[in-house]
Amino acid sequence: MGNLLRLFSVSLLLLVLCFPASSQVSELFYPGFKDVAANLTLTGVAETEKIGILKLTNDTSRLMGHAFYTSPFQFKNKTNGKAFSFSTSFAFTIVPEYPKLEGHGLAFTIAPSKDLKALPSQYLGLLNGSEIGNLSTHIFAVEFDTVQDFEFGDINDNHVGIDINSLSSNDSAAAAYYKDSATKQSINLKCGKPIQAWIDYDSAQNLVNVTISLSSSKPKIPLLSFHVDLSPILEEFMYAGFSASTGLLASSHYISGWSFKINGEARALDLGSLPSLPQPKKKHPSLTIGLSVSAIALALTASSVAIYLFMKKIKNSDPVESWELELGPHRYSYQELKKATKGFRDKELLGQGGFGQVYKGTLPESKTQVAVKRISNDSKQGLREFVAEIASIGRLRHRNLVQLLGWCRRRGDLLLVYDYMENGSLDNALFDEPKTLLSWEQRFKIIKGVASALHYLHEGYEQVVIHRDVKASNVLLDNELNGRLGDFGLARLHEHGSISSTTTRVVGTLGYLAPELPRTGKASTGSDVYAFGALLLEVACGRRPIEPKAVAEELVLVDWVWEMYREGRLLDVVDRRLNGEFDEGEVVMVLKLGLMCSNHGPIERPSMRMVVRYLDGEIEVPRDLRGPRRLRKGDHDPEAAFDDLMKSYASSSSFDKMSLSSNRDMDASFASHSTSPLSLLHGQTRQS
Ligand SMILES: *[C@@H]1O[C@H](CO)[C@@H](O)[C@H](O)[C@H]1NC(C)=O
Ligand SMILES: *[C@@H]1O[C@H](CO)[C@@H](O)[C@H](O)[C@H]1NC(C)=O
Ligand SMILES: *[C@@H]1O[C@H](CO)[C@@H](O)[C@H](O)[C@H]1NC(C)=O
Ligand SMILES: *[C@@H]1O[C@H](CO)[C@@H](O)[C@H](O)[C@H]1NC(C)=O
Ligand SMILES: *[C@@H]1O[C@H](CO)[C@@H](O)[C@H](O)[C@H]1NC(C)=O
Ligand SMILES: *[C@@H]1O[C@H](CO)[C@@H](O)[C@H](O)[C@H]1NC(C)=O
Ligand SMILES: *[C@@H]1O[C@H](CO)[C@@H](O)[C@H](O)[C@H]1NC(C)=O
Ligand SMILES: *[C@@H]1O[C@H](CO)[C@@H](O)[C@H](O)[C@H]1NC(C)=O
Ligand SMILES: CC(=O)N[C@H]1CO[C@H](CO)[C@@H](O)[C@@H]1O
């Protein structure tokens, strides 16, 4: 009997030990967020407002906001490792600052930590680049995304998706609800009105349902119904809450009510009784009705005074036109940028790019470091197109592109504001006697990054974006030494005439120029691949594509590498400074790929999609290469190509100017080179 009692108390103790959380909360019901601050952990810019609304972000660029219930929930039965069912419902509102430009979105999140080390913009504050797809990440999220990110294969800029350890959704659909099984009604996520969402996970059926609606009655048919067993993804104790972020495009993200329950249906929320956002102060029609004529006159005077003061404030910039206001978030004031760069001091000059000078700056308010590119003497004519183009470039986003943060114009100057890259350009890192030499591992990572960015430009965006000026000085290195491609899209601006060509036509940079370019005058994805090939060889060999100082045979890098390859001495071309410390397989692959990309025939070159697959080791490069410079019958005559090249340069006002505007480094080379630049050109088109 006593034994039995002991057994009983021991098992009771065990039970208590096994379920220390039995007293734990397994249900939340917040019809508004008044006085619950103590039970929520807010990070980033998230805050609860007096009226009882949770504000995750405001409409400033590149913010993140997180709100998690302070204690973790038990999501899993430890004994059998099976995830519990759960159910949640909440109301959110997305208010873009400008109707057509909004970003990025919010997500209901279940995470192992309340303190997510994540990125804003397309990462939604959920993940950072390094964890994507890693099974040990343990993130489950349902995203409400208002920007189409091609990097993650988003279907459009108004969708709902289920994300598991990644931002590439496992299932997604355009935002909508089913009125009945036959009619689907679309919903605009950023309509500025509260939208109610329901997320239900049934652990018996292994099914996640996601439903949204503009009213509190839950549509019978869910928008998404995704089969997945969350047991391996969820840990025993996890935090539940919300994450939101803004990017170049920004919206305010609000949650006005939240209900959550483990193993049961979340209590219903009533949209009507939740706190509502203050109405925008812009229009008050009821007010105007009562206004007398004199009051209107008074209002007019007041507003013209206000406008006058406003104009005075921005007197240093051109008047703002209405269509420009639509791009508000990206537009910096000239004063701000002038202050940031200490008045465009020479000391802050980072370099001279293809289109203008680049200054280092620190934005006065946020203290973030930026690079400001100043393009002088733009042609006024294409201004509107210019801004449209800036908006378009601003939508290009990939972790291996240097992000465009904003712009400003003032009289003849256009200023573009980019993320500041701490580690300078690849060109500097390879050739300017850097303190530490890039290891092969670092070089390989940089190459892969650039390949992925270029692939994105060629295939990931609505339109094909041709970079036109891929070269080492346009590859910048961030603080983790990731390669990031800069200056993308500028060539297009130039083509549209939005940047006037007083700086002469920029056709690319010697040594990276595909041989067909001067003949056809048409840049293509193939000519980008050619330039990328030159970059590959440059990085592996630690030599510039054309080295004026080298002995005659080594003048053109690709010729030299090809020759060594034919002689079976490929490894002899590898950068000596690496002291033989490299992965032989990788180096050989990169060199062969460089030769393949340098093929004279554009169609013989691999696409960037293939290049990425080669670099990822998904497919192997051919054992034997066909001569990259061998011309086949029907191909053009290289001498004629050379003549064309000369003609095209002659059409720009002067040869030196062309080189000046396209590459600082080549300038230096020209300056120190005793023979005429023509011999270099000849070297490049010369038949081997
Ligand atoms: C806050 O948390 C405490 C303990 O976890 C709980 O007793 C209390 O009811 C919670 N308050 C709200 C408003 O949820
Ligand atoms: C948005 O929030 C950030 C951080 O709290 C703040 O610095 C910024 O001024 C806010 N912007 C607006 C428009 O309220
Ligand atoms: C966990 O699983 C075990 C074994 O299937 C079961 O006996 C127990 O009741 C479960 N506990 C909970 C809290 O569901
Ligand atoms: C990415 O997130 C993980 C997990 O939160 C963290 O350990 C890591 O430090 C983060 N990396 C960066 C670069 O922030
Ligand atoms: C996944 O993350 C863990 C811990 O953060 C790390 O140890 C592991 O190397 C990562 N795996 C991959 C494939 O990146
Ligand atoms: C979800 O997507 C991620 C990344 O795309 C993938 O690794 C994972 O296998 C998918 N999971 C399921 C259950 O489909
Ligand atoms: C999910 O939706 C399906 C209909 O598509 C329904 O049969 C199922 O019961 C739903 N499950 C939950 C947990 O709501
Ligand atoms: C600006 O461009 C015009 C022609 O568009 C030219 O006449 C003028 O000299 C240029 N000014 C500067 C400072 O380059
Ligand atoms: C190679 C190199 O320059 N690395 C630097 C990159 O930037 C980080 C952060 O500023 C430095 O710590 C590295 O030394």
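Counting convention: from 1, in listed order, for ligands and their atoms alike. No hydrogens, no waters, no symmetry mates; every other heavy atom, side chains included, goes into these values.
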Numbering as shown, the atoms of ligand 2 that approach Asp59 to under 4.0 Å (heavy-atom distance): 13 (C)
Close N or O approach (Asn77, ligand 3; < 3.5 Å): yes
Residue Lys193 excluded, over 12 heavy atoms near NZ under 6.0 Å: no
Those atoms of ligand 7 less than 4.0 Å from some heavy atom in Asp200: 13 (C), 14 (O)
Donor-acceptor pair, side chain of [X] and main chain of [Y], under 3.5 angstrom:
| X | Y | value |
| --- | --- | --- |
| Thr137 | Ser166 | no |
| Thr109 | Ala107 | yes |
| Ser87 | Ala266 | yes |

Closest candidate by heavy atom, reference atom 13 (C) of ligand 2, pool Thr246, Thr57, Leu63, Thr60: Thr60
Closest to atom 11 (N) of ligand 7 among Asn209, Asp202, Ile221, Leu224 (heavy-atom distance): Asn209
Heavy atom of protein inside 4.0 Å of atom 9 (O) of ligand 2, strictly below: no
Could you tell me the residue and atom name of the protein heavy atom closest to [atom], and the distance to it rounded to 0.1 Å?
| atom | value |
| --- | --- |
| atom 7 (O) of ligand 7 | Gln205 OE1, 4.9 Å |
| atom 14 (O) of ligand 2 | Asn58 ND2, 3.3 Å |
| atom 4 (C) of ligand 2 | Val45 CG1, 3.5 Å |

Distance-only side-chain donor-acceptor flag, Gln74 / Ser26, under 3.5 Å: no
With Gln196, the side-chain contact (heavy atoms from CB on, under 4.5 Å) member among Ser215, Ser256, Ser89, Ser217: Ser89
Test of ring centre spacing under 6.0 Å for Phe108 and Phe242: yes
Mode of Leu207 contact toward ligand 7 - side chain, backbone, both, neither (heavy atoms, under 4.0 Å): side chain
